[in-house]
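Comments concern the structure below.
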Amino acid sequence: MNERVRERVGERRTALRRLVAGTAVAVVGTAAMVAVTLPMNAAGDEGDEGAAARTGVAPSATAASAPSSPYASSPAAVNGNGEGNGTGSGTGVDPLTDGEIDRARQAALTGDRTLRTTSEDVRGQDGTPQFLTADLGEGTGDGARSADVFFYDYRDDRFVKKTVDLGTGRVVRTESASGVQPPPSGEEAREALKVLLASPLGDGVRQDFEAATGRSLVIGGQLAVQGLVYEKRGTAGPADCDGAHRCVRLFTRVKGGPWIDTRQFVVDLSARTAHRLP
């Protein structure tokens with residue numbers, strides 16, 4: 001690879017990192033001990049299931065002053081009530097409709113045979129990159145609306161952004177980078193909980209659940225869960241959770257009940273392993 005190509009690759013990667021870093025909330029090292037606001041009824045497990053199904057994103061748990069994430073269910077993806085915006089087409093800066101999201105998601109994969117056939121989702125299913133969300137793009141040169149569609153390919157741990165012209169249904173721009181970790185989707189958070197409960201560390205979660213409720217924890221569905229990206233700094237934490245792997249922290253509670261403290265655990269979704277922080 002010559003010097004000019006290296007520079008261009010580096011510039012694209014830096015741009016994608018900025019896209020994520022400016023607004024994504026990453027829990028680093030011991031920073032999980034800070035006060036966290038978790039709007040569990042905003043979307044996902046205990047709230048807007050419709051929005052979570054359309055965008056694949058659970059609401060991010062954020063520190064009190066943290067900015068919101070562009071990967072969460074924003075007004076550009078669903079309306080303020082979290083209700084569907086119909087199956088037609090919006091105009092101008094209207095939020096993306098359900099139909100536009102579906103068409104953009106399909107178009108993003110249809111034109112990319114490699115991504116469509118060789119990628120992997122969070123469950124390890126071949127040929128299906130993990131859909132994160134879709135958001136209203138900046139538009140195209142002729143003023144037509146566009147949609148930014150975000151995926152994560154677990155086969156090679158790669159973040160992918162596709163911009164789709166909603167007028168023509170064509171992909172007008174593709175960006176991808178490794179080492180870029182946007183906030184996890186609701187599906188990813190629920191899969192991380194499955195990995196945690198299937199590991200030896202899950203015994204402690206079951207004990208806490210039984211102590212809090214007097215009942216046994218049989219399935220993960222008894223817990224509401226949200227996730228945050230975990231990216232270690234220094235030597236503390238799992239070795240590959242330095243941005244190379246998809247690592248998340250979980251915040252769980254009994255549905256309709258008390259919190260179950262799982263902040264000390266990190267789940268590496270790329271390796272499907274669970275770890276306790278030192």
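Keep in mind that the numbers below use all heavy atoms, side chains included, and drop hydrogens, waters and symmetry copies.
- Annotation for Ala189 and Leu250: closest pair O-CD2, 3.7 Å, computed over non-hydrogen atoms.
- Remark: side-chain polar atoms of Asp261 are paired, donor with acceptor, to backbone N or O of Arg263 under 3.5 angstrom.
- Rounding to the nearest 0.5 Å gives a distance of 10.5 Å between OG1 of Thr128 and CZ of Phe151.
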Quiz item: After noting the C-alpha distance and the side-chain angles of Val266 and Lys232, does the key distance pass the side-chain contact (heavy atoms from CB on, under 4.5 Å) rule?
Solution: CA-CA 10 Å; Val266 172; Lys232 75 169 188 173; over 6 Å; no
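- Nearest heavy atom pair, residue Leu136 against residue Asp94, reads CD2-O, 3.7 Å.
- What you find for Val195 and Ala274 is that their closest heavy atoms are CG1-N, 4.4 Å.
- Between the side chain of Arg253 and the main chain of Gly257, a donor-acceptor pair closer than 3.5 Å is present.
- At least one side-chain heavy atom of Leu109 sits under 4.5 Å from a side-chain heavy atom of Pro129.
- The backbone N or O of Val122 lies less than 3.5 Å from a partner atom in the side chain of Gln130, making a donor-acceptor pair.
- With sequence neighbours excluded, the residues satisfying salt bridge (Lys or Arg N to Asp or Glu O under 4.0 Å) with Asp153 are Arg158.
- Side chains of Asp165 and Ser146: a donor-acceptor N/O pair is absent below 3.5 angstrom, by distance only.
- With sequence neighbours excluded, no residue forms a side-chain hydrogen bond (donor to acceptor under 3.5 Å, both in side chains) with Arg116.
- Here NZ of Lys161 is found 5.5 Å from CZ of Arg173. Values are rounded to the nearest 0.5 Å.
- Applying the side-chain hydrogen bond (donor to acceptor under 3.5 Å, both in side chains) test to Ser119 and every residue at least two apart in sequence or in another chain returns nothing.
- The line from CG of Leu196 to NE2 of His275 is 11.0 Å long, rounded to the nearest 0.5 Å.
- Taking the side chain as every heavy atom from C-beta outward, Glu188 and Val248 never approach each other to under 4.5 Å.
- Counting heavy atoms from C-beta outward, Asp240 and Ser270 have side chains that stay 4.5 Å or more apart.
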For residues 213-221, dump all side-chain donor-acceptor pairs below 3.5 Å to protein atoms at least two apart in sequence or in another chain.
unit_1, atom_1, unit_2, atom_2, d
Thr213, OG1, Phe209, O, 2.8
Thr213, OG1, Arg215, N, 3.0
Thr213, OG1, Arg215, O, 3.4

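- Residue Thr252 comes nearest to Leu223 through the heavy atom pair CB-CD1, 4.5 Å, listed as atom of the first residue, atom of the second, then distance.
- Here the closest heavy-atom approach between residue Gly237 and residue Tyr230 is recorded as CA-OH, 3.7 Å.
- Taking Phe265 as the reference, nothing meets the ring pair (Phe, Tyr, Trp, His ring centres under 6.0 Å) condition, with sequence neighbours excluded.
- When the shell of 6.0 Å around CZ of Arg206 is examined, it contains more than 12 heavy atoms from other residues, nucleotides or ligands.
- Judged as a side chain to side chain contact (heavy atoms under 4.5 Å, CB included), and not counting sequence neighbours, the contacts of Ala244 are Asp242.
- Of the possible donor and acceptor atoms, none in the side chain of Arg246 sits under 3.5 Å from a partner among the backbone N and O of Val229.
- Proximity of a side-chain donor or acceptor of Arg155 to a complementary backbone N or O of Thr118 within less than 3.5 Å is detected.
- Comment: Asp102 does not engage Arg105 in a salt bridge, judged by the lack of any side-chain N to carboxylate O separation of less than 4.0 angstrom.
- Counting heavy atoms from C-beta outward, Arg103 and Val164 have side chains that stay 4.5 Å or more apart.
- The heavy-atom pair separating Val93 from Arg145 by the smallest distance is C-NH1, 4.0 Å.
- In this structure, a donor-acceptor pair under 3.5 Å is absent between the side chains of Tyr152 and Asp121.
- Gln222 contributes no side-chain N or O that, together with a main-chain N or O of Lys255, makes up a donor-acceptor pair within less than 3.5 Å.
- Gln226 places no side-chain N or O within 3.5 Å of a backbone atom of Phe251 that could act as its donor or acceptor partner.
- Ser185 places none of its side-chain heavy atoms less than 4.5 Å from the side chain of Phe131.
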